[in-house]
Structure formats: structure tokens, C-alpha cells
Amino acid sequence: MAKNLVLYFSVYGTAKKTAEEIARQTGADLVEIEPVIPYDSNRDNYNALAAYAKKEHDENMRPEIKNEISIAEYDNIFIGYPMWWYTFPMIIYTLFDKYDFSGKTIIPFNTHMGSGDGGTYRTIRELAPKATVLEGLPMEMSDAERGNPQKIEKWLSNIGF
């Protein structure tokens, strides 16, 4: 039987809610991608976070991942993140730089405020060319904040879970 993992990065908790619901519905293990230097999770400081995220992107930075993540035992790996500047946060690039997803099935999901997946699913295919990448789930922020188990259930069913 295939073993499933839900890996996610979340600052404000919306990608986390989606990740938790995916893990609940699939019986997958759940692991947060934790940065060495935490991001400010206070929404009152959103503009500062957005400016820093843009700096990371513009300077092609690779924030370090604090926790050691073991993917060897998993067949299917859901990878979730919020959209930052129309792409995924730079720590997701760190994830693909650090870990070899060859032979794995990657199932991306993301939260957004109108940008869909912003082309990130295609980028994942480029970063992990020896992995199979299934259709992802772009979850609008308000849906993600509500959890939206029905939308997740329908998506999982459509991709064979």
C-alpha cells in the first residue's frame, strides 16, 4: 500500500488548514516545512512580510529549512504553500534543492488570493523532472480559511485518492 506524506509551508495558517484536511482525508503523515528564521505570522505586519518575500524572490534567496524531513519511505508527497509574488515562497525552492523527489508522485496544492497556482505546478515539474506531478489544487484564501473539506474531497477523488 502506498504511503502518503503532506508537506506544507504556512505563515498565516491557511496552507496549514488545507494540509491538515488533506492529511485527514488521505490518512497521510503531516509535516510542516519550518524555516530556520521564522517569518512574522502577525497579519498586522503583512506589508513587511510581503516586502521581505519580494526581496527573497528578487535576490533568489534560499531560506534554510530547520527541520530534517525524511521523504524516502513515501510514495506520494503532497506539497503545499501560499502564493507569494505570484509564485511559491523561496523556501519551496530550498526544498527541491535539498531533496531528491525522483520516483515519487508529487501532488501540489496552494493557497492564493486570485493568482491560482501562478504556474508553480509547471515549475515543480521542472524542479523534479524524475517525479510524477499530479493535478494540483489551487485553493482561494477564503476557501482555505474555512477548510472547505468538500472541495478537497472532490479534488482528491478526481486525482484518484
Side-chain angles (χ1 to χ4, degrees), residues 1-35 39 41 43 46 49 53 57 63 65-161:
M1 184 172 174
K3 190 151 176 162
N4 304 321
L5 172 66
V6 177
L7 269 178
Y8 71 93
F9 171 73
S10 188
V11 173
Y12 293 142
T14 51
K16 178 180 181 178
K17 279 187 178 179
T18 303
E20 289 172 338
E21 184 60 29
I22 292 168
R24 187 188 72 74
Q25 290 191 29
T26 62
D29 292 338
L30 182 68
V31 174
E32 181 177 4
I33 301 164
E34 300 175 53
Y39 294 91
S41 62
R43 286 185 189 221
Y46 172 80
L49 175 63
H57 180 267
I65 296 173
K66 179 171 129 179
N67 51 324
E68 200 53 44
I69 300 167
S70 174
I71 64 169
E73 66 187 276
Y74 297 98
D75 305 294
N76 304 309
I77 303 173
F78 293 85
I79 299 177
Y81 47 87
M83 293 298 291
W84 285 5
W85 292 101
Y86 309 101
T87 188
F88 43 62
M90 297 308 289
I91 198 165
I92 300 299
Y93 282 101
T94 305
L95 181 76
F96 283 100
D97 288 349
K98 187 172 180 176
Y99 296 96
D100 181 4
F101 289 89
S102 297
K104 308 291 183 189
T105 296
I106 298 172
I107 310 102
F109 65 95
N110 67 284
T111 58
H112 66 91
M113 293 180 8
S115 61
D117 77 287
T120 57
Y121 304 161
R122 182 177 54 253
T123 302
I124 289 172
R125 285 181 181 91
E126 293 166 5
L127 295 172
K130 294 182 179 172
T132 300
V133 181
L134 299 185
E135 176 189 343
L137 174 67
M139 180 78 83
E140 203 279 323
M141 191 73 77
S142 61
D143 283 344
E145 288 176 344
R146 287 192 307 273
N148 209 324
Q150 298 82 10
K151 184 173 184 173
I152 293 169
E153 183 178 17
K154 182 178 178 184
W155 168 66
L156 289 169
S157 176
N158 287 342
I159 62 171
F161 277 82

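For clarity, every value in this text was computed on a predicted model and none was experimentally measured. What's counted below: heavy atoms across the whole structure, side chains too, no hydrogens, waters or symmetry copies.
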Worksheet item: Once you round to the nearest 0.5 Å, how far does CG of L137 lie from CD of E21?
Response: 11.0 Å
Fill in: Donor-acceptor contact below 3.5 Å, side chain T26 vs main chain I22
yes
Worksheet entry | Considering all heavy atoms, the nearest S10-A15 contact | OG-N, 3.4 Å
Worksheet entry | E32 backbone acceptor or donor facing N67 side chain under 3.5 Å | yes
Worksheet item: Does F78 have its ring centroid less than 6.0 Å away from the ring centroid of F161?
Response: yes
Worksheet item: Does NZ in K98 sit with more than 12 non-hydrogen atoms of other residues, nucleotides or ligands closer than 6.0 Å?
Response: yes
Discussion item. L5 vs N76, test: side chain to side chain contact (heavy atoms under 4.5 Å, CB included). Steps then yes/no.
Written reply: CA-CA 6 Å; L5 172 66; N76 304 309; over 6 Å; no
Worksheet item: Are side-chain heavy atoms of Y74 and N4 found at a separation under 4.5 Å?
Response: no
Worksheet item: Are the side chains of T105 and I77 in touch, meaning some heavy atoms are under 4.5 Å apart?
Response: no
Discussion item. Quick check: closest heavy atoms across P149 and R24, and the distance to 0.1 Å?
Written reply: CB-NH2, 4.4 Å
Discussion item. Before you tell me yes or no, could you show the steps for M113 and M83 under side chain to side chain contact (heavy atoms under 4.5 Å, CB included), namely the whole-Å CA-CA distance, both residues' side-chain angles and the distance that decides it to 0.1 Å?
Written reply: CA-CA 8 Å; M113 293 180 8; M83 293 298 291; over 6 Å; no
Worksheet item: Under 4.5 Å between any side-chain heavy atoms of I106 and T132, yes or no?
Response: no
Response to the item:
One should read off an interatomic distance between Q25 CD and W155 CH2, to the nearest 0.5 angstrom, of 9.5 Å
Item to complete: Mind telling me whether Y12 and Y46 have parallel, tilted or perpendicular rings, with 30° and 60° as the class edges?
Response: tilted
Worksheet item: How far apart are the C-alpha atoms of L30 and L7, what are their side-chain angles, what is the distance that settles it, and do they pass the side chain to side chain contact (heavy atoms under 4.5 Å, CB included) test?
Response: CA-CA 6 Å; L30 182 68; L7 269 178; over 6 Å; no
Practice prompt. Write down the atom of M139, the atom of G147, and the distance for their closest heavy-atom approach.
Written response: CE-O, 4.4 Å
Fill in: Min side-chain heavy-atom separation F96-T123 under 4.5 Å
no
Worksheet item: How about I159 and I107: do any of their side-chain heavy atoms sit closer than 4.5 Å?
Response: yes
Practice prompt. Describe, in one word, how the ring planes of Y39 and W84 are oriented to each other, choosing from parallel (under 30°), tilted (30 to 60°) and perpendicular (over 60°).
Written response: perpendicular
Worksheet item: Counting N and O atoms only, with roles assigned by atom type, does the side chain of T94 sit under 3.5 Å from a partner on the main chain of P63, one being a donor and the other an acceptor?
Response: yes
Discussion item. Check K17 with E20, please: is the shortest side-chain N to carboxylate O separation under 4.0 Å?
Written reply: no
Item to complete: State whether the number of non-hydrogen atoms from other residues, nucleotides or ligands found under 6.0 Å of E135 atom CD is greater than 12.
Response: no
Worksheet item: Do you know the tightest heavy-atom contact between G80 and I92?
Response: O-CD1, 4.4 Å
Worksheet entry | Main-chain N/O of V133 paired with K104 side-chain donor or acceptor, under 3.5 Å | no
Practice prompt. Using a strict 4.0 Å threshold on nitrogen-to-oxygen distance, state whether E145 and R43 make a salt bridge.
Written response: yes
Discussion item. Determine whether D29 and V6 satisfy the following criterion, side chain to side chain contact (heavy atoms under 4.5 Å, CB included), listing intermediate values before the conclusion.
Written reply: CA-CA 6 Å; D29 292 338; V6 177; over 6 Å; no
Worksheet item: Do N110 and D117 have side-chain atoms, one donor and one acceptor, less than 3.5 Å apart?
Response: no
Practice prompt. Looking only at non-hydrogen atoms, find the nearest pair between F101 and A131 and report the distance.
Written response: O-CB, 3.3 Å
Worksheet entry | Test salt bridge (charged side-chain N to carboxylate O under 4.0 Å, His left out) applied to E140 and K151, step by step | CA-CA 11 Å; E140 203 279 323; K151 184 173 184 173; over 6 Å; no
Discussion item. With side chain to side chain donor-acceptor pair (under 3.5 Å) as the test, pick out the partner of Y81 among T18, T120, T111, T87.
Written reply: T120
Worksheet item: Just by modelled atom types, is the K3 backbone N or O under 3.5 Å from a matching donor or acceptor in the D75 side chain?
Response: yes
Worksheet item: Are Y121 and P138 close enough that some pair of their side-chain heavy atoms sits under 4.5 Å apart?
Response: yes
Worksheet item: Which atom names give the shortest non-hydrogen contact between S115 and H112, and what distance separates them?
Response: N-ND1, 3.3 Å
Worksheet item: Going by heavy atoms in the side chains, are F88 and I79 under 4.5 Å from each other?
Response: no
Worksheet entry | Side-chain touch I65/E34, heavy atoms, less than 4.5 angstrom | no
Fill in: Donor-acceptor contact below 3.5 Å, side chain W85 vs main chain A53
no
Worksheet item: Considering residues, nucleotides and ligands other than R122, do more than 12 of their heavy atoms fall under 6.0 Å from its CZ?
Response: no
